[in-house]
2 protein chains.
Amino acid sequence: MTAAETAVETIQREMTVFARRARASAGRMHPELSLVSYTLLGHLEESGGCRATDLAAHYALDKSTVSRQVAALERAGLIERRLDPEDHRVQVLHLTETGQEVLAQVTRRRRAAFRERLADWPEADLVRFAGYLERYNARASAGLADD
Amino acid sequence: MTAAETAVETIQREMTVFARRARASAGRMHPELSLVSYTLLGHLEESGGCRATDLAAHYALDKSTVSRQVAALERAGLIERRLDPEDHRVQVLHLTETGQEVLAQVTRRRRAAFRERLADWPEADLVRFAGYLERYNARASAGLADD
DNA sequence: ATTGCGAGTTGTACTCTGCAACTAGAGCAT
DNA sequence: ATGCTCTAGTTGCAGAGTACAACTCGCAAT
């Protein structure tokens, strides 16, 4: 087995370990905001507002799932919908003030946990690791077999 | 925000994306074996048989959840229960022949999917990525009670 | 035998999810 | 303009996964 094949095996195994583990600890890490809700809010903050369809595509979720998540977040007062004047089919989603505050609070708590976990990593490794993960996930969202 | 802090944010976000996606799409990719089922079968293979309670403890699942999973796996003919002659409360779970075959098959398919997804990565990047994941998970299991 | 503990099952309720059918707006071809 | 097709989003439905609580049954100590 080549070094590359060994590395792929390791990546598979460790990603599986992580996936299983994340499910178990998701509730503990951010009990007031579900995993998906948190992710969607974060995306809205980064993007400065986007469409439900964009969220669905980016996270490989069905549009109906996003629709319901969005409805729940709106009900909770965390986001608001703004009709796109250019295209009346489109609702541009934005964080509300409350949404920004809640997101910031949860992010602080999560960040503390991650920082502690990654505290002794050299900066160069952190940057590379982040890049690898982005690359891996980008490839996965490009329509390839997910797993 | 420093480069390291930005990287930590990205790692956090991408790990979350992956975790959710892996869980959601495992069912689509491997209809006959959910991520949890796959993990449980793998554990049974490694351990050479164990109790439902052990599975629950190891994966931080409720015993009722494990009970139902086990029932489904037995219904599917992948595992069998053997009453412990020492203690009639206990059912020792074992893989069946079929269970071993299915587990091996799914493992092969998962491996192929990972290989394809990572096919165009330079070997040096694969090796580093694998190392980062191992390091991350090792730290996670040592510190915070994740599983 | 009584009491208490451990293993496992079942009833119930909830969330997340996808698929399919639907509405409605936009854009293009004729 | 008229119609066809595409896109954005909603809703009905079904199913998996999960937890909690109440339960049964077997074991062990007193």
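The sequence lines fix the lettering, A, B, ..., with proteins before strands; numbering per chain opens at 1.
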Please state how far atom [atom1] in [X] lies from atom [atom2] in [N], giving the value in whole angstrom units.
X      : N       : atom1 : atom2 : value
R75(A) : dT10(D) : CZ    : P     : 11 Å
L93(B) : dA7(C)  : CG    : C1'   : 11 Å
Y38(A) : dC16(C) : OH    : P     : 16 Å
L35(B) : dG15(D) : CG    : C1'   : 17 Å
D62(A) : dA20(C) : CG    : P     : 10 Å
Q69(B) : dT9(C)  : CD    : P     : 13 Å
L33(B) : dA16(D) : CG    : P     : 14 Å
H58(B) : dA7(C)  : NE2   : P     : 16 Å

Of the listed nucleotides ([options]), which one gets closest to any side-chain atom of [X]?
X      : options                  : result
R89(B) : dA8(D), dA7(C), dC20(D)  : dA7(C)
R51(A) : dT10(C), dC27(D), dG9(D) : dG9(D)
S67(A) : dC16(C), dT10(D), dA7(C) : dT10(D)
S64(B) : dT10(C), dG18(C), dA7(C) : dT10(C)
K63(B) : dG8(C), dT10(D), dG17(D) : dG8(C)

* Do the ring centers of W121(B) and Y132(A) come within less than 6.0 Å of each other? -> yes
Answer yes or no: does a side-chain N or O of [X] lie under 4.0 Å from OP1 or OP2 of [N]?
X      : N       : result
T53(A) : dG9(D)  : yes
T65(B) : dA19(D) : yes
S34(B) : dG17(D) : yes
Q91(B) : dA7(C)  : no

* Looking at every strand, decide which applies to V36(A) at a 4.0 Å heavy-atom threshold: base, sugar-phosphate, or nothing. =>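 Result for V36(A) = sugar-phosphate.
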* Asked: Which atom names give the shortest non-hydrogen contact between L93(A) and R51(A), and what distance separates them?
  -> CD1-C, 4.2 Å
* Asked: Ignoring hydrogens and angles, does a donor from either the side chain of R68(A) or the base of dG12(D) sit under 3.5 Å from an acceptor on the other?
  -> yes
* For Y38(B), is the NZ or CZ atom of R110(B) found under 6.0 angstrom from the centre of its six-membered ring and inside 45 degrees of the ring axis? ->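 Judged by the rule (NZ or CZ under 6.0 Å from the ring centre, within 45° of its axis), R110(B) counts as positioned above Y38(B).
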* Without swapping roles, check the side chain of S67(B) against the backbone of K63(B) for a donor-acceptor pair under 3.5 Å. => no
* Donor-acceptor pair, side chain of S37(B) and main chain of L33(B), under 3.5 angstrom ->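 Flag not set: sc S37(B) to bb L33(B) has no pair under 3.5 Å.
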* Asked: Starting at the 5' end of DNA chain C and moving along, which residue's nearest nucleotide shows up first, V66(A) or A52(B)?
  -> A52(B)
